[in-house]
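So the structure is just underneath, and the comments pick up after that.
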Amino acid sequence: MAKILQRERLVPNIHLIEIHSPEIARKCQPGQFVIVMPDEKGERIPLTIADWNRDKGTVTSVFMVVGTSTHKLSLLKAGDEVPVFVGPLGRPSKIEKFGTVLCAGGCFGIAAIYPIARALKEAGNKVITLLDVKANYLLYWEDRLKAVSDKFVVSSRDSFFNCKDYIPRVLGDILKKEKKVDRVISVGCTYLIYTCSEATRPKGIRTIVSLNPIMVDGTGMCGACRVTIGGKTKFACVDGPDFDGHQVDWEELFTRRKSYFEDEIDSLNYWEKINFP
Ligand code: FES
C-alpha cells in the first residue's frame, strides 16, 4: 500500500498525484515510470514520473483521464492509499551534454518532460522547450518548465500563445531558425510524438520518443508492451520507454494502442452506471 499525499486537477482532464514512496523517490531518474493500481480490483497502469522529493520520500505523476482506471485514480484524495505502486521502472533517459536539445511535450507529457529538461539543463545543454496544448487553459507547469529552459515556446490552436499552430510545424520552424539542434526528445500522446519524429526525419536529427504502449506487469514478463524498433521486437517497459523515433514501427503502435478501445468504453460505461446510477 502507498499513501496519497496530494491529488489535484491541474487542468480539465489532467490530474497530479503525489504518493509517499521513499524507496522509489530515492532511486528514480528522469524518463522512468511507475505502475499503479487505483484499487484492489483495478488494472495496473503505467504513469511516467514527473517529479520527486528524495528528502520527503515522495513521487509525483501527472495523468490524463481516459478510461476506468484513470477515472478511479482521479477520484482518490490525500490520505487514501493505492494497493500497488511499483517502480522505478524502465531505463532512465540518456542525459549528457549534447549541445542544444529541444524538449517537446503535450498533455501528460508536459509534466513528464519536466525532469528530463531539468536534467539536461543541469548537464549544461541549451534547452528549448516546446509545449503543445489545444487551448490556453490546458497549459500547466509553465513556470517550472520556463525555469529550466533557455527558450520556451507554446503551440496551441487558439491565439493566446506565441504560436497558433500544431507542434510539428512549430518544431519545423524552430529547426529552421536555430543554427543547430543536436537532439529532440518528445513525450506525450502517440500522435504528438509520431508527428515530432516525422518533423525531424528530413533533417536527420536524433529524435527520442517516450513510448506509452499498453502495459501490464511493467517488468518484461507479459509481452503486452511489445513494439517494433528498427525491425526488432522490443519491450517498452524494460528496453525503453525511450526509443529512436525514426526507427519505431508507428503503424503497428497505433494499431496496438487501439486494440482495447471498445472494451475501454464498455468498461467505463459499466463502471459509471454502477457507481453513479
Ligand atoms: Fe509486460 Fe512490458 S508490460 S512485458
Side-chain angles (χ1 to χ4, degrees), residues 1-2 17 19 21 23-25 27-50 52 59-73 82-94 107-109 111-113 115-116 185-194 197 208-265 267-268:
M1 300 294 274
I17 192 161
I19 293 189
S21 180
E23 277 296 294
I24 299 179
K27 294 184 197 150
C28 63
Q29 301 292 332
Q32 290 188 294
F33 65 94
V34 288
I35 292 269
V36 60
M37 256 173 79
D39 60 22
E40 297 283 357
K41 293 181 186 161
E43 60 180 343
R44 295 161 65 95
I45 52 167
L47 298 180
T48 307
I49 297 171
W52 54 85
V59 177
T60 300
S61 283
V62 170
F63 61 95
M64 185 160 69
V65 178
V66 286
T68 312
S69 298
T70 44
H71 264 89
K72 286 178 181 174
L73 215 49
V82 286
V84 170
F85 191 66
V86 186
L89 299 167
R91 293 168 187 254
S93 296
K94 189 171 180 181
C107 59
F108 70 90
I113 202 96
I116 298 171
I185 301 173
S186 182
V187 188
C189 72
T190 308
Y191 187 68
L192 181 140
I193 61 175
Y194 160 70
S197 276
I208 304 301
V209 292
S210 175
L211 297 190
N212 47 4
I214 293 156
M215 285 194 192
V216 179
D217 67 310
T219 58
M221 304 290 281
C222 69
C225 67
R226 65 186 181 276
V227 289
T228 303
I229 312 290
K232 295 199 176 100
T233 299
K234 300 277 179 188
F235 290 168
C237 65
V238 287
D239 299 317
D242 287 0
F243 292 103
D244 180 343
H246 300 154
Q247 299 287 320
V248 175
D249 183 337
W250 291 103
E251 205 178 315
E252 178 196 62
L253 182 64
F254 278 111
T255 307
R256 282 185 59 77
R257 278 200 58 90
K258 274 191 279 182
S259 47
Y260 294 104
F261 194 61
E262 285 179 13
D263 296 314
E264 281 279 349
I265 294 171
S267 161
L268 187 56

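Just follow the structure's listing: the first ligand is 1, and inside any ligand the first atom is 1. Only a predicted model underlies this, so the values are computations on that prediction, with no experimental measurement involved. Side-chain atoms are counted along with the backbone in the values below, which use heavy atoms only and exclude waters and symmetry mates.
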Basic-acidic side-chain contact under 4.0 Å: K27, E23: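 Yes, this pair counts.
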Closer than 4.0 angstrom, basic N to acidic O: yes or no for R91 and D242?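 Salt bridge: no.
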How many angstroms lie between OG1 in T255 and CG in D249, if you round to the nearest 0.5 Å?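 Going from the OG1 atom of T255 to the CG atom of D249 covers 8.5 Å.
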Where is the tightest heavy-atom contact between A112 and A50, given as atom of each residue plus distance?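 Taking every non-hydrogen atom into account, N-CB, 4.4 Å.
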Checking side-chain polar atoms at under 3.5 Å, does S267 have a donor or acceptor matched by the opposite partner on T68?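 On atom types as modelled, these side chains qualify, holding a pair under 3.5 Å.
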Among all protein heavy atoms, pick the one closest to atom 4 (S) of ligand 1 and tell me residue, atom and distance.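 Ranking protein heavy atoms by distance from atom 4 (S) of ligand 1, first comes G223 N, 3.1 Å.
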Which residue and non-hydrogen atom of the protein lie closest to atom 3 (S) of ligand 1, and at what distance in Å?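 Of the protein heavy atoms, G218 N, 3.2 Å lies nearest.
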Under a 4.0 angstrom heavy-atom cut-off, which atoms of ligand 1 come close to G220?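 In order of numbering, the contacting atoms are 4 (S).
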What atoms of ligand 1 come closer than 4.0 angstrom to any heavy atom of C225?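 Matching atoms, with element in brackets: 2 (Fe), 3 (S), 4 (S).
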Looking at atom 1 (Fe) of ligand 1, is there an N, O or S atom belonging to C222 that lies under 2.8 Å away from it?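 Under 2.8 Å: C222 contacts atom 1 (Fe) of ligand 1 through an N, O or S atom.
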Y194 atom OH: more than 12 heavy-atom contacts under 6.0 Å: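 For Y194, atom OH is not crowded (no more than 12 foreign heavy atoms under 6.0 Å).
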Counting backbone and side-chain atoms alike, is an N, O or S atom of C237 positioned under 2.8 Å from atom 2 (Fe) of ligand 1?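 Yes - counting backbone and side chain alike, C237 has an N, O or S atom under 2.8 Å.
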Can you tell me which portion of M221 lies within the under-4.0 Å heavy-atom range of ligand 1? Options are side chain, backbone, both, or neither.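 For M221, only backbone atoms sit under 4.0 Å from ligand 1.
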Can you name the N, O or S atom of D217 that is closest to atom 1 (Fe) of ligand 1?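 Considering only N, O and S atoms, D217 comes nearest to atom 1 (Fe) of ligand 1 through OD1.
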